[in-house]
S.K.: 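Next up is a structure, given as structure tokens.
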Amino acid sequence: MKIGYPCINTSIGCTSNRTFRLKSYSEEKLRYKIRMNLKCLEETLIYNQQHNLLFFRMGSGIIPFASHPICKVDWADEFQKELESIGNFTKKYKFRISMHPDQFVVINSPDKSVVERSIAELEYHSKLMDTMKLDSTCKIQIHVGGKYGDIYSAMDRFMDRYSGLDEKIKKRLAIENDDRLFSLRDCLHISKRVKIPVIFDTLHHECNNNNEPIGKAMESAFKTWKRKDGIPMIDYSSQKKGARKGSHTESIDTKHFRDFLEKSRGLDFDLMLEIKDKEKSALKARKIMGSERSARV
DNA sequence: CCATGTCAAGGTCAC
DNA sequence: GTGACCTTGACATGG
């Protein structure tokens with residue numbers, strides 16, 4: 001099992017998500033930001049390797065405006081050397097890498113132009129990972145999308161659109177149960193028909209479920225992962241106290257986490273901690289797991 | 001230099 | 001039908 005956190009390291013003083021305003025777009029600026037982002041991505045991965053955090057979600061902003069029509073820079077070609085070198089680093093130390101495009105990627109939208117932009121964004125994500133020469137165990141996770149008043153036709157539309165995608169994208173895509181619209185059961189229904197792996201999100205499942213106990217829920221999600229997809233991925237978080245339902249906690253809730261470990265005993269997966277203080281909680285989690293393991297021996 | 005309003009993109013829900 | 005909210009940091013402007 002590998003442990004990780006998403007996108008940003010809060011200790012090393014750089015971010016690989018630097019961007020700028022569309023209004024001030026220039027190719028020089030774009031190249032500069034990409035260079036800075038890649039440099040920081042590398043630093044972040046070095047930190048992670050040294051701290052044994054070998055699961056990492058790359059931010060979507062590494063190449064700003066990559067899927068926007070304004071961008072004419074052939075970034076994959078210009079930065080091929082750097083991207084491949086970072087990819088090699090992740091392979092040398094056996095990292096697991098993922099990405100998670102944000103809310104604007106909605107492939108089941110009834111609006112054609114939304115779908116086109118979503119696909120362009122997915123093309124960017126898969127091209128980035130392809131240029132880094134990452135294999136198909138490195139996933140791009142998305143939500144099913146909107147419901148538009150009829151969840152069944154919304155799911156059908158997802159399956160249609162997914163089936164029509166380029167294999168380069170399809171081989172990396174995974175869907176995640178969300179906290180309001182598409183539950184684990186809905187994701188499994190889709191997965192059964194179009195063979196897409198399901199990433200189980202613990203907090204979303206707490207918010208939106210059909211009374212499946214978490215252990216059973218995890219097992220059923222894991223069955224959707226084939227050999228080429230690698231070990232199943234999990235998004236773990238817990239509810240922020242006193243905040244809106246679904247809000248991620250600031251820092252790991254150790255009692256909740258130990259309980260989760262207990263319920264997932266015997267299962268193998270890579271664990272993404274979606275917690276606000278990022279690597280700090282990931283390190284705590286790693287420590288807890290270490291002590292649990294020695295306690296069991 | 002610092003504070004504050006703003007940023008490519010969608011969708012849902014309350015009113 | 002409209003506006004707040006999700007979520008989020010960092011950009012960029014204006015004082």
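Sequence lines set the chain letters: A, B, ... in the order given, protein chains first and strands last, and positions in each chain run from 1.
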S.K.: When rounded to the nearest Å, what value does the distance between P atoms of B/dC1 and C/dT8 take?
M.R.: 30 Å
S.K.: Residues in side chain to side chain contact (heavy atoms under 4.5 Å, CB included) with A/Leu22, at least two apart?
M.R.: A/Phe65, A/His68, A/Ile70
S.K.: Take atom P in C/dC6 and the same atom in B/dA3, then report the distance between them in whole Å.
M.R.: 25 Å
S.K.: Distance only, no hydrogens: is a donor on one side chain within 3.5 Å (strictly under) of an acceptor on the other, for A/Thr131 and A/Glu84?
M.R.: no
S.K.: Send over the distance from A/Glu250 CD to C/dT7 P, rounded to a whole Å.
M.R.: 12 Å
S.K.: Which dot-bracket string describes DNA chain C (Watson-Crick N1-N3 plus N6-O4 or O6-N4, or G-U N1-O2 and O6-N3, all under 3.5 Å; [ ] crossing; | other strand)?
M.R.: ||||||..|||||||
S.K.: Scan nucleotides 9-15 of chain B nucleotide by nucleotide, 5' to 3', and note B when protein non-hydrogen atoms come under 4.0 Å of the base, S if they reach only the sugar-phosphate, - if neither.
M.R.: BBSS---
S.K.: Taking only side-chain N and O atoms of A/Lys276, does any of them lie within less than 4.0 angstrom of OP1 or OP2 on C/dT7?
M.R.: no
S.K.: Would you list the pairs meeting side chain to side chain donor-acceptor pair (under 3.5 Å) in which at least one residue belongs to residues 33-43 of chain A, sequence neighbours left out?
M.R.: none
S.K.: Expressed in whole Å, how much space separates the P atoms belonging to B/dT6 and C/dG3?
M.R.: 15 Å
S.K.: May I have the distance from A/His100 (atom NE2) to C/dT8 (atom C1'), rounded to whole angstrom?
M.R.: 14 Å
S.K.: Check the distance between C/dT8's C1' and A/Lys278's NZ and give it to me in whole angstrom.
M.R.: 9 Å
S.K.: Ring pair (Phe, Tyr, Trp, His ring centres under 6.0 Å): which pairs involve residues 151-194 of chain A, sequence neighbours left out?
M.R.: none
S.K.: Rounded off to whole Å, could you give me the NE2-to-P distance for the A/His204 and C/dT7 pair?
M.R.: 8 Å
S.K.: For the P atoms, the ones on C/dT2 and on B/dA8, what distance do you get once it is rounded to whole angstrom?
M.R.: 24 Å
S.K.: Return the set of residues passing side chain to side chain contact (heavy atoms under 4.5 Å, CB included) with A/Asp111 (not counting sequence neighbours), or none when no residue passes.
M.R.: A/Ser109, A/Ser113, A/Val114
S.K.: Which pairs pass ring pair (Phe, Tyr, Trp, His ring centres under 6.0 Å) with one or both residues in residues 31-54 of chain A, sequence neighbours excluded?
M.R.: A/Tyr47-A/His51
S.K.: Dump every N/O contact between nucleotides 11-15 of chain C and the protein below 3.5 Å, one line per pair.
M.R.:
unit_1: C/dC11; atom_1: OP1; unit_2: A/Arg18; atom_2: NE; d: 3.3
unit_1: C/dC11; atom_1: OP1; unit_2: A/Arg18; atom_2: NH2; d: 3.2
unit_1: C/dC11; atom_1: OP2; unit_2: A/Arg18; atom_2: NH2; d: 3.1
unit_1: C/dC11; atom_1: O2; unit_2: A/Arg21; atom_2: NH2; d: 2.4
unit_1: C/dA12; atom_1: OP1; unit_2: A/Arg21; atom_2: N; d: 2.8
unit_1: C/dA12; atom_1: OP1; unit_2: A/Ser24; atom_2: OG; d: 2.7

S.K.: Over how many whole Å does the gap from A/Tyr25 atom OH to B/dC7 atom P extend?
M.R.: 19 Å
S.K.: Can you list every side chain to side chain donor-acceptor pair (under 3.5 Å) pair that touches residues 211-225 of chain A, not counting sequence neighbours?
M.R.: none
S.K.: Using the P atom on both, measure B/dG11 against C/dA10 and round to a whole Å.
M.R.: 27 Å
S.K.: Begin from the C-alpha positions of A/Lys171 and A/Asp135 and carry the test salt bridge (Lys or Arg N to Asp or Glu O under 4.0 Å) through to its verdict.
M.R.: CA-CA 9 Å; A/Lys171 73 172 183 190; A/Asp135 66 23; over 6 Å; no
S.K.: Side chain to side chain contact (heavy atoms under 4.5 Å, CB included) with A/Asn17: which of A/Cys7, A/Ser60, A/Cys40?
M.R.: A/Cys7
S.K.: With A/Arg161, which residues qualify under salt bridge (charged side-chain N to carboxylate O under 4.0 Å, His left out), at least two apart?
M.R.: none
S.K.: Which residues pass the side chain to side chain contact (heavy atoms under 4.5 Å, CB included) test with A/Lys91, sequence neighbours left out?
M.R.: A/Asn88, A/Lys133
S.K.: With rounding to whole Å, what would you report as the distance between B/dA9 and C/dA12 at their P atoms?
M.R.: 15 Å
S.K.: Between C/dG9 atom P and A/Asp277 atom CG, what is the distance in whole Å?
M.R.: 12 Å
S.K.: Of all residues at least two apart in sequence or in a different chain, which pass the salt bridge (charged side-chain N to carboxylate O under 4.0 Å, His left out) check with A/Arg21?
M.R.: none
